[in-house]
Visitor: 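Here it is: the structure, laid out below.
Residue indices begin at 1 and follow the sequence shown. Just so it is clear, the model here is predicted, and its values are computed rather than measured.
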Amino acid sequence: MSSNETTRFYLDRLVQDAKVPGIQYLAVGPNQTVFNYAGGWADIKGRRPLHSSTTLSAYSVSKTITAVAVLQLAETQNVMLDKPIDDYLEFQPYGPDVTVRQLLSHSSGIPNPIPLRWVHKVATHDTFDERSELTRILLKHPKLSSFPGTKYIYSNIGGQIVEHVSGKLFSSYVTDHIFHPLGILPQELGYKITDDGNHAKGYLEMYSLMNFTKRFLIDTELIGAYEGKWLHIKNHYANGPAFGGLIGNATGLGKFLKDQLRPHSVLFNDSTRQLFYASQCNKRGASIPMTLGWHIGMVGSTRFFYKEGLGGGFHAMMRIYPGSEIATIVMTNATSFDVGKFLDMVDPKYL
């Protein structure tokens with residue numbers, strides 16, 4: 001069997017054995033698609049297949065796109081990475097020592113409360129007050145977990161730097177300065193469900209820890225009914241697009257990944273792109289497993305950059321292997337599916 005045939009057989013088995021309701025997996029090079037798969041169900045009860053065009057929630061994968069936006073503003077010197085976030089936010093309770101760089105590299109010491117309740121129903125989205133909700137979360141968690149710059153601590157609390165500096169809504173800035181230059185269409189990547197009939201349902205597996213603890217983690221209004229062994233989580237939006245609001249498909253994220261594999265990105269200049277992938281250090285000079293937007297991982301002896309997103313019935317991860325000029329993205333509508341283990345096993349076929 002060829003690599004593609006082996007991968008397709010494995011993915012078909014995952015779907016047939018109900019290890020996941022639906023899944024998209026895409027491998028790309030700088031100028032071509034190496035492998036593309038979409039299968040399973042976007043809606044188990046309605047027997048609606050999951051296609052390449054189907055959209056899913058990407059959750060924290062959003063943070064890498066947010067980092068691109070901040071670095072674009074740093075490139076034009078509208079944001080200074082080593083300046084306090086105080087300079088760019090109307091309100092934050094963590095004092096003057098937290099910098100923009102620390103925020104992007106998760107070394108700020110800002111706490112990491114579990115954000116799975118930081119969502120709202122689709123029906124309330126048009127009237128949702130993001131700024132008030134952010135202020136409420138900050139006031140509820142006002143103390144730093146560690147002194148800024150001393151160690152890596154992942155955090156879901158961020159700020160509204162892009163809006164403050166650009167004068168645009170965050171989603172409008174990203175659309176104009178990231179999605180449009182890459183030719184990404186609204187139905188491929190954005191911050192709204194553009195077509196209810198083409199958006200996957202999110203699911204929790206019946207026999208999973210998250211399902212057993214769901215009422216402590218997820219707003220009960222979002223908990224739907226069982227469809228076989230899968231519990232439906234109703235459509236929703238993250239309370240902040242910057243930390244977890246991205247909605248789209250592997251095709252849309254693949255366009256971003258292709259751009260990042262090319263010698264020159266259309267999103268920023270070469271020095272900024274180099275900064276995007278530069279390992280960061282704490283104040284003692286020790287490396288932390290982060291760049292300004294990516295986590296750093298290893299599979300075998302191969303180094304890669306990645307971002308994972310999980311919550312509300314979805315799980316996703318994208319990876320870039322610069323040395324092999326390959327990037328991959330997996331998106332599923334099952335929170336419990338181990339996307340990292342999946343990519344560790346499948347990706348090496350294309351490296």
Visitor: Would a 4.5 Å heavy-atom cut-off, applied to side chains only, mark Q77 and M80 as touching?
Guide: yes
Visitor: Are F276 and F268 an aromatic pair, judged by ring center distance below 6.0 Å?
Guide: yes
Visitor: What is the distance from atom OG1 of T328 to atom CZ of R319, rounded to the nearest 0.5 Å?
Guide: 6.5 Å
Visitor: Could you label the plane-to-plane angle of the H177 and Y173 rings as parallel, tilted or perpendicular, counting under 30° as parallel and over 60° as perpendicular?
Guide: parallel
Visitor: Can you name the closest pair of heavy atoms from Q280 and S105 and give their distance?
Guide: CG-CB, 3.9 Å
Visitor: If Ile, Leu, Val, Met, Phe, Trp and Tyr residues are connected whenever their side-chain heavy atoms lie under 4.5 Å apart, and connections chain through other members, are L185 and V61 in the same group?
Guide: no
Visitor: What are the two closest heavy atoms between Q260 and R273, and how far apart are they?
Guide: O-NH1, 3.0 Å
Visitor: Let me check something: do I233 and M331 share a hydrophobic cluster, defined by ILVMFWY side-chain heavy atoms less than 4.5 Å apart, either directly or through other members?
Guide: yes
Visitor: Is there a side-chain contact (heavy atoms from CB on, under 4.5 Å) between L310 and Y59? Walk through the geometry before answering.
Guide: CA-CA 6 Å; L310 176 151; Y59 276 87; 5.8 Å; no
Visitor: Would you say K63 and H106 make side-chain contact, with heavy atoms under 4.5 Å?
Guide: yes
Visitor: Do you see a donor-acceptor pair shorter than 3.5 Å between the side chains of D259 and S265?
Guide: yes
Visitor: Determine yes or no for a side-chain-to-main-chain donor-acceptor pair under 3.5 angstrom, with N282 supplying the side chain and K151 the backbone.
Guide: no
Visitor: Quick one: does Q24's side chain get under 4.5 Å of I329's, heavy atoms only?
Guide: no
Visitor: What closest approach, in Å, do L144 and S108 show between heavy atoms, and which atom pair accounts for it?
Guide: CD2-O, 3.8 Å
Visitor: What pair of heavy atoms forms the shortest contact from I288 to S107, and how long is it?
Guide: CD1-CB, 4.0 Å
Visitor: Output the distance between atom CD1 (I184) and atom CG (L253), rounded to the nearest 0.5 Å.
Guide: 7.0 Å
Visitor: Look at the side-chain heavy atoms of Ile, Leu, Val, Met, Phe, Trp and Tyr, link any pair under 4.5 Å apart, and say whether L343 and F337 land in one connected group.
Guide: yes
Visitor: Go through E188 and F179 one step at a time and tell me if the side-chain contact (heavy atoms from CB on, under 4.5 Å) criterion holds.
Guide: CA-CA 9 Å; E188 293 175 328; F179 297 157; over 6 Å; no
Visitor: Rounded to the nearest 0.5 Å, how far apart are NE2 of H120 and CG of D129?
Guide: 10.5 Å
Visitor: When Ile, Leu, Val, Met, Phe, Trp and Tyr are grouped by side-chain heavy atoms lying under 4.5 Å apart, directly or through other members, which residues fall in the same group as I44?
Guide: W41, Y203, W230
Visitor: Counting N and O atoms only, with roles assigned by atom type, does the side chain of E205 sit under 3.5 Å from a partner on the main chain of K229, one being a donor and the other an acceptor?
Guide: no
Visitor: About how many Å separate NZ of K201 and NZ of K45, when rounded to the nearest 0.5 Å?
Guide: 6.5 Å
Visitor: To the nearest 0.5 Å, how far apart are CG in N249 and NZ in K255?
Guide: 9.0 Å
Visitor: Find out whether H264 and D270 are in side-chain contact, i.e. whether some heavy atom of one side chain is under 4.5 Å from a heavy atom of the other.
Guide: yes
Visitor: Measure across L222 and N235 and return the closest heavy-atom pair with its distance rounded to 0.1 Å.
Guide: CD2-O, 4.2 Å
Visitor: Is any side-chain heavy atom of V68 closer than 4.5 Å to a side-chain heavy atom of F256?
Guide: yes
Visitor: With ILVMFWY side chains joined below 4.5 Å, transitively, what does Y237's cluster contain besides itself?
Guide: V122, I193, I247
Visitor: Please lay out, stage by stage, how D347 and F304 fare under the test side-chain contact (heavy atoms from CB on, under 4.5 Å).
Guide: CA-CA 11 Å; D347 284 0; F304 63 88; over 6 Å; no
Visitor: Do E308 and H315 have side-chain atoms, one donor and one acceptor, less than 3.5 Å apart?
Guide: yes
Visitor: Considering non-hydrogen atoms only, spot the tightest contact between T54 and A42 and give its length.
Guide: CG2-CB, 4.0 Å
Visitor: Considering only heavy atoms from C-beta outward, does the side chain of D195 approach that of H199 to under 4.5 Å?
Guide: no
Visitor: Under the side chain to side chain contact (heavy atoms under 4.5 Å, CB included) test against Q72, which residue among I178, N269, N78 passes?
Guide: I178
Visitor: Do the non-hydrogen side-chain atoms of R101 and L275 ever get within less than 4.5 Å of each other?
Guide: yes
Visitor: Could you tell me whether K19 and D338 have a side-chain N and a carboxylate O separated by less than 4.0 Å?
Guide: no
Visitor: Could you walk me through whether H236 and K121 pass the side-chain contact (heavy atoms from CB on, under 4.5 Å) test, one step at a time?
Guide: CA-CA 5 Å; H236 55 274; K121 295 184 295 183; 5.9 Å; no
Visitor: Kindly assign one of parallel, tilted or perpendicular to the pair Y350 and Y25, based on the angle between their ring planes and the thresholds 30° and 60°.
Guide: tilted
Visitor: Between Y277 and L267, is there a shared hydrophobic cluster once you connect ILVMFWY residues whose side-chain heavy atoms come closer than 4.5 Å?
Guide: yes
Visitor: Check whether any side-chain heavy atom of F342 sits under 4.5 Å from a side-chain heavy atom of T332, and report yes or no.
Guide: no
Visitor: Checking T150 side chain against F147 main chain: does a donor-acceptor pair fall under 3.5 Å?
Guide: yes
Visitor: Linking I/L/V/M/F/W/Y whenever any side-chain heavy atoms sit under 4.5 Å apart, do Y207 and L204 land together?
Guide: yes
